[in-house]
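Reviewing the structure listed below.
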There are 2 protein chains.
Amino acid sequence: MRTRGSQCWRGKFQGGGYRFTKPRELILGVLAKSKKHLSAEDIFFSVHKIYSNIGLTTVYRNLELLVDMGTVSKFNFGDGKANYELSESESGAEHHHHLVCQKCQKVIDYADFMDAEKEFLSKIEKGLSKKYKFQIQDHIIHFYGICGQCQSK
Amino acid sequence: MRTRGSQCWRGKFQGGGYRFTKPRELILGVLAKSKKHLSAEDIFFSVHKIYSNIGLTTVYRNLELLVDMGTVSKFNFGDGKANYELSESESGAEHHHHLVCQKCQKVIDYADFMDAEKEFLSKIEKGLSKKYKFQIQDHIIHFYGICGQCQSK
DNA sequence: CTCCTTATTGATAATGATTGTCATTATCAA
DNA sequence: TTGATAATGACAATCATTATCAATAAGGAG
Ligand SMILES: [Mn+2]
Ligand SMILES: [Mn+2]
Ligand SMILES: [Zn+2]
Ligand SMILES: [Zn+2]
């Protein structure tokens, strides 16, 4: 999945009847570069360095749009603010889940054991959608605990 | 796990050096009675009916304490407010997970397929704690999608 | 390229959930 | 019963997120 310049993103916006604006380009740029989970404020500051006109409101608005478009994933790790990352389909990254440290709030991505997970999920999703008539679109798996650094203290 | 009156709870508080107060008794009472996930405000209103002196601040404070004590579990289903339920060890309820409808925000508990889950988790937790030196204490599994009622619309 | 429609922006105010302050009250060990 | 002090409740403050609205700029038509 090559991204030739940002023309790829332009098309995604225009295909949906949206305009491709500088704030949108820059927000996506920040998300694409960072391999971490960024808050709206994080993104605002990053963009602000190179485009000091950006408004925090615009960041929120576009993150919401990007989540709706399926381009960005939104997470709540329990610290009161939402975190965003490019969704796997966009970033070319593997599907992954999260380890959340309850001491330092650090979040570790992991993509191991995905075979075991895939097997588990396909089994369970089928059963659940049958029993509860629930059409599953997505899932979240978070493990909470203590990270290595926090253990040695 | 019988709860003879509320003496069981009294002991839990006093064991930790805390006092057993009326607000605490009533908050736990509401949580124990309800089989749903309640917000702080929900709990406030429920308690308020029978004890109109209660303050919302007190509800928040005690929910935090109860979460720290492990008596209550706190969830974020993505609607901006936290939800609380008696933790399984307290309620005697089975371990369960959640189906979250993205249309109507309804949350369905499910406790099916726990064998498959147990197998999956034990496999994965072992691997993760080894590879990432991460000491897992808890996990959350949420499925997002469309509930039966919302599908027929 | 220029013009025009209107989607989008950014400043600002508003909201809603949660937390901090502090004087008053009530728990419970002695 | 009493006293030390944990806990409460009213209130103000904070923090993340949303709503408003006039000004701006994207991009299709000509
Ligand atoms: Mn991630
Ligand atoms: Mn539940
Ligand atoms: Zn840590
Ligand atoms: Zn629904």
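Computed from a predicted model, the values in this text were never measured in an experiment. Note on naming: letters A, B, ... go to the chains in the order of the sequence lines (proteins, then strands), and numbering restarts at 1 for each one.
- Note: CD (A/Q14) to P (C/dT8) measures 11 Å, nearest angstrom.
- Qualifying side chain to side chain contact (heavy atoms under 4.5 Å, CB included) partners for B/N62, counting only residues two or more places apart in sequence or in other chains: B/P23, B/R24, B/I27, B/T58, B/L65.
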Discussion item. Before you tell me yes or no, could you show the steps for A/K35 and A/E85 under side chain to side chain contact (heavy atoms under 4.5 Å, CB included), namely the whole-Å CA-CA distance, both residues' side-chain angles and the distance that decides it to 0.1 Å?
Written reply: CA-CA 8 Å; A/K35 281 304 178 196; A/E85 66 179 29; over 6 Å; no

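- Side chain to side chain, B/H142 and A/D138 fail the donor-acceptor criterion of an N or O pair below 3.5 Å.
- Under the salt bridge (charged side-chain N to carboxylate O under 4.0 Å, His left out) criterion, B/D112 pairs with A/K131, not counting sequence neighbours.
- For the strand DNA chain C, secondary-structure stems (runs of at least three Watson-Crick or G-U pairs, all distances below 3.5 Å) span C:1-30 with D:1-30.
- Residue pairs meeting the salt bridge (Lys or Arg N to Asp or Glu O under 4.0 Å) criterion with at least one partner in residues 61-71 of chain B, sequence neighbours excluded, do not occur; the list is empty.
- The stretch residues 75-85 of chain A touches DNA chain D through A/G80, A/K81, A/A82, each having a heavy atom within less than 4.0 Å of the strand.
- Of all the residues in residues 28-54 of chain A, A/Y51, A/N53, A/I54 reach under 4.0 Å from DNA chain C with at least one non-hydrogen atom.
- Judged by closest nucleotide on DNA chain C, B/T57 is the one of B/T57 and B/K22 placed further toward the 5' end.
- Closest non-hydrogen pair, B/F134 versus A/C147, comes out as CD1-CA, 3.6 Å.
- Counting non-hydrogen atoms under 4.0 angstrom, B/T58 reaches a base of the nucleic acid.
- For the salt bridge (Lys or Arg N to Asp or Glu O under 4.0 Å) condition, the pairs that include at least one residue of residues 8-22 of chain A, sequence neighbours left out, are A/K12-A/E90.
- A heavy atom lying under 4.0 Å from DNA chain C marks the following residues of residues 61-71 of chain A, by number: A/R61, A/N62.
- Distance check: A/I43 CD1 to A/L31 CG gives 4.0 Å after rounding to the nearest 0.5 Å.
- The ring pair (Phe, Tyr, Trp, His ring centres under 6.0 Å) check on A/H96 picks up A/H98, with sequence neighbours excluded.
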Discussion item. For B/L86 and B/L66: C-alpha separation, side-chain torsions, deciding distance, then whether side chain to side chain contact (heavy atoms under 4.5 Å, CB included) applies.
Written reply: CA-CA 9 Å; B/L86 226 47; B/L66 289 164; over 6 Å; no

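- Other members of the hydrophobic cluster containing A/F75, listed by chain and number, are A/F77, A/V100, A/V107, A/I140, A/Y144, B/F75, B/F77, B/V100, B/V107, B/I140, B/Y144; membership follows side-chain contacts under 4.5 Å among ILVMFWY residues, whether direct or relayed.
- Once you apply a 4.0 Å limit to the heavy atoms of chain B, the touched nucleotides of DNA chain D run 5' to 3' over D/dA4 to D/dC11.
- Summarising the geometry, the separation between OH on B/Y60 and P on C/dA17 is reported as 7 Å, rounded to the nearest angstrom.
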Discussion item. What verdict does the side chain to side chain contact (heavy atoms under 4.5 Å, CB included) test give for A/L128 and B/L99, after you've listed the backbone C-alpha separation in whole Å, the side-chain angles of each residue and the deciding distance to 0.1 Å?
Written reply: CA-CA 9 Å; A/L128 287 175; B/L99 308 176; 3.8 Å; yes

Indicate every side-chain donor-acceptor pair of residues 113-122 of chain B with a distance under 3.5 Å to a residue at least two apart or in another chain.
unit_1 : atom_1 : unit_2 : atom_2 : d
B/E117 : OE1    : B/H97  : NE2    : 3.1
B/E117 : OE2    : B/H95  : NE2    : 3.3
B/E117 : OE2    : B/H97  : NE2    : 2.8
B/E117 : OE2    : B/H139 : NE2    : 3.2
B/S122 : OG     : B/K118 : O      : 3.3
B/S122 : OG     : B/E119 : O      : 3.1

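- Inter-residue side-chain proximity for A/K133 and B/Q149 is flagged as unmet; no heavy-atom pair is nearer than 4.5 Å.
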Item to complete: Give the C-alpha distance, both sets of side-chain angles, the deciding distance and a yes or no for side chain to side chain contact (heavy atoms under 4.5 Å, CB included) between B/N83 and B/N76.
Response: CA-CA 6 Å; B/N83 285 78; B/N76 264 116; over 6 Å; no

